[in-house]
Amino acid sequence: MIEISRIDHFVLTVASVEATCDFYERALGMKVETFGEGRKALVFANQKINLHQAGAELEPKSDKPTPGSGDFCLITDTPLKDVIQHLERCGVRIEEGPVDRTGATGPIFSIYLRDPDKNLVEISNYYR
């Protein structure tokens, strides 16, 4: 039996790599990294989100790479009230929340927003 220990990276197919980098860097504080032959990734903590330009995806790729099909949760230690204030200053609309949800290791407090491709991004705090 194998035991998976963590997520290293995942890939988002996007309509505009530049717009996606700008959003995640400005609104969510991720670092944009260039690697390989000019590829872009969004780096945070010990993980990253690799970006594929729609119509020019790298192989291998998902079966039906589509901008806007992502739905994922990001955990922050920053209090959600501070996250909300920052997002408002950045002009990012919060679609839902704050609301109680269940995370991988217990209860979380979450807000939901959309990135430039309309991927659903959940940002959460674990209850302490």
Side-chain angles (χ1 to χ4, degrees):
M1 177 194 259
I2 64 170
E3 184 178 318
I4 303 298
S5 60
R6 64 185 173 95
I7 292 173
D8 181 80
H9 73 277
F10 60 92
V11 175
L12 287 178
T13 300
V14 299
S16 168
V17 170
E18 295 76 22
T20 300
C21 289
D22 175 68
F23 175 83
Y24 282 90
E25 186 173 45
R26 179 178 47 82
L28 300 183
M30 294 184 185
K31 187 174 148 196
V32 176
E33 174 184 276
T34 302
F35 69 102
E37 296 181 11
R39 293 184 62 192
K40 299 287 185 186
L42 306 165
V43 179
F44 58 102
N46 294 321
Q47 293 83 210
K48 66 179 184 166
I49 303 170
N50 290 344
L51 302 176
H52 282 185
Q53 178 68 49
E57 299 87 1
L58 297 162
E59 296 292 342
K61 63 181 182 289
S62 66
D63 186 49
K64 295 176 182 67
T66 307
S69 63
D71 178 347
F72 53 91
C73 179
L74 302 170
I75 301 298
T76 182
D77 289 329
T78 304
L80 275 190
K81 67 178 180 56
D82 296 339
V83 172
I84 291 166
Q85 289 173 350
H86 172 75
L87 292 171
E88 287 172 348
R89 284 192 303 274
C90 290
V92 176
R93 186 177 80 79
I94 295 169
E95 188 164 302
E96 185 176 335
V99 293
D100 292 314
R101 294 290 189 251
T102 302
T105 62
I108 54 178
F109 198 45
S110 300
I111 58 171
Y112 294 84
L113 54 108
R114 301 271 176 186
D115 73 5
D117 288 296
K118 306 293 185 212
N119 291 303
L120 184 63
V121 181
E122 180 180 358
I123 301 175
S124 306
N125 291 149
Y126 268 95
Y127 286 105
R128 296 180 183 179

Discussion item. Using the rule given for side chain to side chain contact (heavy atoms under 4.5 Å, CB included), can you reason through S62 versus V11, listing the C-alpha separation, both sets of side-chain angles and the distance that settles it, and then say yes or no?
Written reply: CA-CA 9 Å; S62 66; V11 175; over 6 Å; no
Practice prompt. Of all the heavy-atom pairs spanning T13 and A54, show the shortest one and how long it is.
Written response: CG2-CA, 3.7 Å
Practice prompt. Please answer: with hydrophobic residues joined when any side-chain heavy atoms are less than 4.5 Å apart, are V99 and I75 in the same cluster?
Written response: no
Response to the item:
Closest non-hydrogen atoms of I123 and L80, given as atom of the first, atom of the second and distance, are O-CD2, 3.8 Å
Worksheet entry | Which atom of E59 lies closest to which atom of K61, heavy atoms considered | OE2-NZ, 2.5 Å
Practice prompt. Taking all heavy atoms of A41 and all of F35, pick out the closest pair and write down the distance.
Written response: CB-CE2, 3.6 Å
Fill in: Euclidean distance, N125 CG relative to D77 CG, rounded to 0.5 Å
7.5 Å
Worksheet item: So, do P98 and I111 sit near enough that their side-chain heavy atoms are less than 4.5 Å apart?
Response: yes
Worksheet item: Is any side-chain heavy atom of L28 less than 4.5 Å from a side-chain heavy atom of L87?
Response: yes
Worksheet item: Atom CD in Q47, atom CG in L42: separation rounded to 0.5 Å?
Response: 12.5 Å
Item to complete: Output yes when a side-chain donor or acceptor of N119 lies under 3.5 Å from a complementary backbone atom of D71, and no otherwise.
Response: no
Discussion item. Assess the residue pair E33 and R39 against the criterion (side chain to side chain contact (heavy atoms under 4.5 Å, CB included)); give the C-alpha distance rounded to whole Å, side-chain angles, the decisive distance to 0.1 Å, and a yes or no.
Written reply: CA-CA 8 Å; E33 174 184 276; R39 293 184 62 192; over 6 Å; no
Practice prompt. Enter the distance from E122:CD to E95:CD here, rounded to the nearest 0.5 Å.
Written response: 12.0 Å
Discussion item. Between V32 and L58, is there shared hydrophobic-cluster membership here, with clusters defined by ILVMFWY side-chain heavy atoms closer than 4.5 Å?
Written reply: no
Discussion item. Taking V83's backbone N and O only, do any of them form a donor-acceptor pair with Q85's side chain (distance below 3.5 Å, no angle check)?
Written reply: no
Practice prompt. Specify the closest pair of heavy atoms between R26 and H86, including all atoms of both residues, with the distance to one decimal.
Written response: O-NE2, 3.2 Å
Worksheet entry | Inter-residue atom distance I7.CD1 - N46.CG, 0.5 Å rounding | 13.0 Å
Fill in: Test log, rule side chain to side chain contact (heavy atoms under 4.5 Å, CB included), inputs Y24 and L51
CA-CA 12 Å; Y24 282 90; L51 302 176; over 6 Å; no
Worksheet entry | Connected via hydrophobic side-chain network under 4.5 Å: V92 and I94 | yes
Worksheet item: Do V121 and F72 have side chains that get closer than 4.5 Å, going by heavy atoms?
Response: yes
Worksheet, complete the sentence: Smallest heavy-atom separation, I108 atom then C73 atom, equals CD1-SG, 4.2 Å
Item to complete: Treating Ile, Leu, Val, Met, Phe, Trp and Tyr as nodes and any side-chain heavy-atom pair under 4.5 angstrom as an edge, say whether I84 and M30 lie in one connected cluster.
Response: yes
Fill in: Expected output: side-chain S16 to main-chain A19 donor-acceptor under 3.5 Å
yes
Worksheet, complete the sentence: Interatomic distance, CG@D100 vs CZ@F109, rounded to 0.5 Å, equals 6.0 Å
Discussion item. I'd like to know whether L12 forms a side chain to side chain contact (heavy atoms under 4.5 Å, CB included) with D117, so could you lay out the CA-CA distance, the side-chain angles of the two residues, the decisive distance to 0.1 Å, and finally the verdict.
Written reply: CA-CA 10 Å; L12 287 178; D117 288 296; over 6 Å; no
Worksheet item: Say you draw a straight line from OH of Y112 to CG of L120; how long is it, rounded to the nearest 0.5 Å?
Response: 7.0 Å
